[in-house]
Asks: 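The structure follows.
Order of the sequence lines sets the chain letters (A, B, ...), proteins ahead of strands, with each chain counted from 1.
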Amino acid sequence: MPHPLNSAAAIVGIGIASQWKAPGRTPADHIAEAVAKALDDSGLQLKDVDGLFVGTSAHFLPTVSIAEYLGIHPRFSDSNMIGGASFVQHLLHAAMALEAGLCNVALICYGSNQATASGRLVSMAEPQPYEQPYDPRYPIFAYALATARHMHQYGTTREQLAEVAVAARAWARHNPEAQERGPLSIDDVLGARMIHDPLTVRDCCLVTDGGGAVIMVRSDRAKDLAKQPAYLLGAAGEHWHRQIASMPDLTVTAASASGRRAFKMAGLCPADVDVAEVYDAFTINTILFLEDLGFCAKGDGGAFVQGGGIGPDGRLPVNTNGGGLSCCHPGMYGIFTVIEAVRQLRGEAVGLQVPDAKVALCHGNGGTLAAQSTALLGIEPNR
Amino acid sequence: MTGSHTFAGPGPDAVFRTNLAAGKFVIQRCADCATYIFYPRSLCVSCGSPRLDTVEADGRATVYSTSVNRRRPEAGGPVNIALVDLIEGPRLLTRVAGIAPEEVGIGMAVRARIDMVDAMPVLIFEPEGVA
């Protein structure tokens, strides 16, 4: 019996604000640019938008502020904030609101001016009293600890981590929108400046400005609009901790749960996925998520990415725009996994196009490996 | 020491800080399911009971993971940050001091110590056997 949300809603518009260094532009400006482009893309009007989903680090009341900025009065709004996983999770929340008839046109959007405002990744967190005394460098310290544990338990090597960065760059080299397009080798990654052992600056995502927007409607309306819809086949999110010390096992994230439930809702399995877009804040993330989402066994992520395994000539296309590691990273990346997935499914990739992509996976990560959200999109309804 | 079984009086964070200032590293043990808890809570994270006793930690722990923050020299230079598993079970974020930051290894036996940093007590760990 298919889940009622399976194929209930579809993405019909996407927009990307891709000025990765835009002095004088605010997060709301980036959101507005992305929203304008998504509306053009969908053929819908701003006045049609009656459901709003926003998570930013710049606003205390994200939906309230952005609705005012855009001049809309949404009937349904949700600013569920689970870090970089929020935007993938919002796909599920939007589908629920649409399916329940609580809104008709759902807009999910995000923007940040992190690069020009501060020049570095900014923590939006309240002080954590049991972390603060140790002056942790947020958020990399937690990812470095997770990397060290994965290396200890599974023998994952720095070279295998570097393969993730090299693959992301290999895709980015063909993407005119990507910020970093120069050549990158394993030796380049290993020899780059060490930030937090064992992660070098090339193991870390970029710091840029930018934004994205995604528009969803119920599936029966989607087929009347201009573009090939991307149907939401399954989605789920889960979180087990906030502070890295509370993570039960640093080598297993809640993606193991969100992925399982998303695949179950969609009636699919990892072998059905043609292209995967996962939030690669650090090289370890891609390895962890490929394992936890079921593309390989726990501990085998290093081998999976070795030898260009997730690059343009590999066994699974991952982060086909270059990801957070090479394309962009305005504070939080999650919405870009959705935008790139939709482009691939439509055959509208700005960079390399995965031939015949029918099913795409988007996965967002929030906090320090804390909140995980997985969504499966397809070119046809699956029920 | 026993904790209160009501929600009155100083909260568990205040109890922890007061003890730390007096030179004691305390954790909680659930009076109902015997689970040890850190960081301090008002409800047992295993069974939800509010009956949490405050007990002095043994102090022994094992390093679960470790890394070195490669700060620039003018920002203080390289410094350790680690996750250690207390002998009672809970895991916490800390610093392992007393050896070079990159010498800390997963599996190393360490023991709690309370340092004063800027006149504030800070819980840190050092390798077992360091004087």
Asks: On the 0 to 90° scale, with breaks at 30° and 60°, tag the F38(B)-Y130(A) ring pair as parallel, tilted or perpendicular.
Replies: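 F38(B) vs Y130(A) ring planes: perpendicular.
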Asks: Go through H196(A), M194(A), R137(A) and name the one with the most non-hydrogen pairs under 4.5 angstrom from chain B.
Replies: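 Between H196(A), M194(A), R137(A), the count favours H196(A).
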Asks: Side chain, backbone, both or neither: which part of L92(B) has a non-hydrogen atom closer than 4.5 Å to chain A?
Replies: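 Interface part for L92(B): backbone (N, CA, C, O).
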Asks: Look at atom NE2 of H93(A) and say whether more than 12 heavy atoms of other residues, nucleotides or ligands are closer to it than 6.0 Å.
Replies: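 It does: H93(A) NE2 has more than 12 such atoms within range.
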Asks: Checking heavy atoms, do the side chain of Q128(A), its backbone, both or neither come under 4.5 Å from chain B?
Replies: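 Nothing of Q128(A), per the 4.5 Å heavy-atom cut-off to chain B.
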Asks: Given heavy-atom pairs under 4.5 angstrom as the criterion, report whether the side chain, backbone, both or neither of R17(B) touches chain A.
Replies: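 For R17(B), no heavy atom lies under 4.5 Å from chain A.
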Asks: Determine the interplanar angle of the F141(A) and Y138(A) rings, folded into 0 to 90°, and report it as parallel if under 30°, tilted if 30 to 60°, perpendicular if over 60°.
Replies: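 F141(A) vs Y138(A) ring planes: perpendicular.
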Asks: Is the backbone N or O of G323(A) less than 3.5 Å from a side-chain atom of S326(A), with the two atoms forming a donor-acceptor pair by type?
Replies: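 No, the answer is negative, given that no donor and acceptor are paired below the 3.5 Å cut-off.
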Asks: Between CD of E291(A) and OH of Y154(A), what distance do you get to the nearest 0.5 Å?
Replies: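 Rounded to the nearest 0.5 Å, the CD-OH separation comes out at 7.0 Å.
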Asks: Between R193(A), M247(A), Q243(A), which has the largest tally of heavy atom pairs under 4.5 Å with chain B?
Replies: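 Of R193(A), M247(A), Q243(A), R193(A) has the most heavy-atom pairs under 4.5 Å with chain B.
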Asks: Should D115(B) and R113(B) count as an ion pair when the cut-off is N to O under 4.0 Å?
Replies: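 Yes, charged N to carboxylate O under 4.0 Å.
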Asks: Under 4.5 Å heavy-atom distance to chain B, tell me which part of S246(A) shows up: side chain, backbone, both or neither.
Replies: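 For S246(A), the side chain is the part near chain B, not the backbone.
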Asks: Tell me which of these, V117(B), I106(B), V122(B), has more heavy-atom pairs under 4.5 Å with chain A than the rest.
Replies: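 The candidate making the most pairs under 4.5 Å is I106(B).
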Asks: Identify which part of D13(B) has an atom lying under 4.5 Å from any heavy atom of chain A, answering side chain, backbone, both or neither.
Replies: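 Both backbone and side chain of D13(B) come within 4.5 Å of chain A.
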Asks: Taking the six-membered ring of Y134(A) (Phe, Tyr or Trp), confirm whether the NZ or CZ of R95(B) is under 6.0 Å from its centre and within 45° of its axis.
Replies: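 No - R95(B) does not lie over the ring of Y134(A) by the 6.0 Å and 45° rule.
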Asks: Side chain, backbone, both or neither: which part of F16(B) has a non-hydrogen atom closer than 4.5 Å to chain A?
Replies: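 Side chain only.
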Asks: In terms of heavy-atom pairs under 4.5 Å, which option from N69(B), T66(B), V45(B) contacts chain A the most?
Replies: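 Among N69(B), T66(B), V45(B), the one with the most close pairs to chain A is N69(B).
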Asks: Ring centres under 6.0 Å, that's the criterion: do H329(A) and Y279(A) meet it?
Replies: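 Between H329(A) and Y279(A), the centre distance is under 6.0 Å.
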Asks: Under 4.5 Å heavy-atom distance to chain B, tell me which part of L250(A) shows up: side chain, backbone, both or neither.
Replies: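 The answer is both parts of L250(A).
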